[in-house]
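Heads up: numbering here begins at 1 and tracks the sequence. Because the structure is predicted, anything quoted here is derived from the model rather than measured. What you see below is based on every heavy atom in this structure, not just the backbone, and it leaves out hydrogens, waters and symmetry mates.
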Amino acid sequence: AKLVKYPTETLHLSKLTGAQIRQALNRSISLYPSPNHGFLQVSGLEVSFDTRRPPSDRATTITVNGRALDPKAEYEVVMPISLARGGYTYFNEWDKTAIVRNLGLTLESVLKGKKPGAQTPRWKSVG
């Protein structure tokens, strides 16, 4: 079975506010536990949520690399181009004007050789 729906999509860097990220995460979990093609796969984030809360406000705690998400801060987020353009109804949270640049990579190239559940870092900051 395929784990990635569109493996050849290019990855793009977008700038989003913490508030936009919170809204997107709430949208992502709004249908949980039902299947949802718009469910976000994240890295660097830890999200706690409560399904008893209204769908637009289920995220209770969000941390980015161990720190609380700041709704006013701007974050750099890497995502496939379809999502960066607002696909899966994320156009309600951002639009393509948030795109900063094409990274010249595809999902397939980044995930190639990575084993499911691997915990080792894939990237190292060089500057």
Side-chain angles (χ1 to χ4, degrees):
K2 284 185 169 184
L3 297 176
V4 179
K5 193 168 185 174
Y6 302 109
T8 58
E9 271 201 281
T10 56
L11 298 175
H12 287 65
L13 178 76
S14 296
K15 287 194 176 180
L16 303 176
T17 65
Q20 288 174 300
I21 293 169
R22 176 177 281 282
Q23 287 175 300
L25 291 169
N26 275 313
R27 175 174 294 285
S28 178
I29 57 180
S30 66
L31 299 176
Y32 184 87
S34 298
N36 173 7
H37 288 292
F39 188 84
L40 299 174
Q41 303 301 315
V42 299
S43 177
L45 294 175
E46 188 170 313
V47 183
S48 298
F49 63 97
D50 185 345
T51 57
R52 296 171 295 185
R53 294 175 69 159
S56 63
D57 190 36
R58 287 187 171 175
T60 56
T61 306
I62 304 168
T63 59
V64 180
N65 296 322
R67 300 178 122 165
L69 180 76
D70 179 347
K72 294 180 183 173
E74 192 171 66
Y75 294 88
E76 292 184 336
V77 180
V78 175
M79 61 184 95
I81 186 60
S82 62
L83 189 58
R85 289 180 177 155
Y88 298 110
T89 71
Y90 285 98
F91 60 82
N92 290 305
E93 281 63 53
W94 63 77
D95 62 35
K96 63 185 177 182
T97 61
I99 299 171
V100 175
R101 71 177 180 276
N102 180 342
L103 297 179
L105 300 166
T106 64
L107 283 168
E108 184 175 56
S109 68
V110 171
L111 297 174
K112 194 169 196 155
K114 191 168 176 93
K115 294 182 170 118
Q119 298 295 316
T120 55
R122 188 70 174 161
W123 299 97
K124 178 182 174 188
S125 177
V126 292

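- Among all heavy-atom pairs drawn from Arg58 and Arg53, the shortest one is NE-O, 3.3 Å.
- Rounded to the nearest 0.5 Å, atoms CZ (Arg52) and CG (Asp50) are 4.0 Å apart.
- Remark: Phe91 pairs with no residue by the ring-ring contact (aromatic ring centres under 6.0 Å, His included) rule, at least two apart or across chains.
- Taken from OH in Tyr88 to CZ in Arg27, the straight-line distance is 14.0 Å, to the nearest 0.5 Å.
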Check the pair Ile99 / Trp94 against side-chain contact (heavy atoms from CB on, under 4.5 Å), numbers first and verdict last.
-> CA-CA 10 Å; Ile99 299 171; Trp94 63 77; over 6 Å; no
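- A distance of 9.5 Å separates CG in Asn26 from OG1 in Thr60, rounded to the nearest 0.5 Å.
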Decide yes or no on side-chain contact (heavy atoms from CB on, under 4.5 Å) for Val110 and Val78, but give the supporting numbers first.
-> CA-CA 12 Å; Val110 171; Val78 175; over 6 Å; no
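- With Leu16 as the fixed residue, the side chain to side chain contact (heavy atoms under 4.5 Å, CB included) test singles out one of Met79, Glu93, Arg22, Gln23: Met79.
- The side-chain heavy atoms of Leu45 and Leu25, taken from C-beta on, include a pair separated by under 4.5 Å.
- Screening residues 51-76 for ring-ring contact (aromatic ring centres under 6.0 Å, His included) gives no qualifying pairs among residues at least two apart or on separate chains.
- Heavy atoms of other residues, nucleotides or ligands lying less than 6.0 angstrom from CD of Glu46 number 12 at most.
- For the atom pair CG of Asn92 and CD of Gln20, the computed distance is 11.5 Å after rounding to the nearest 0.5 Å.
- With a 4.5 Å cut-off between side-chain heavy atoms of Ile, Leu, Val, Met, Phe, Trp and Tyr, the cluster of Phe39 takes in Ile29, Tyr32, Phe49.
- In this structure, Ala59 and Val47 approach most closely via the heavy-atom pair CB-CG1, 4.2 Å.
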Step by step, work out the side-chain contact (heavy atoms from CB on, under 4.5 Å) result for Arg85 and Asp95.
-> CA-CA 6 Å; Arg85 289 180 177 155; Asp95 62 35; over 6 Å; no
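- Considering only heavy atoms from C-beta on, Thr10 stays 4.5 Å or farther from Leu105 through its side chain.
- Side chain of Ser28 to main chain of Leu40: a donor-acceptor pair is present (N/O by atom type, distance under 3.5 Å, no hydrogens or angles).
- One finds the CD atom of Glu9 at 8.0 Å from the CD1 atom of Ile81 (value rounded to the nearest 0.5 Å).
- Of the inter-residue distances, the one linking Leu11 atom CG with Leu107 atom CG reads 4.5 Å to the nearest 0.5 angstrom.
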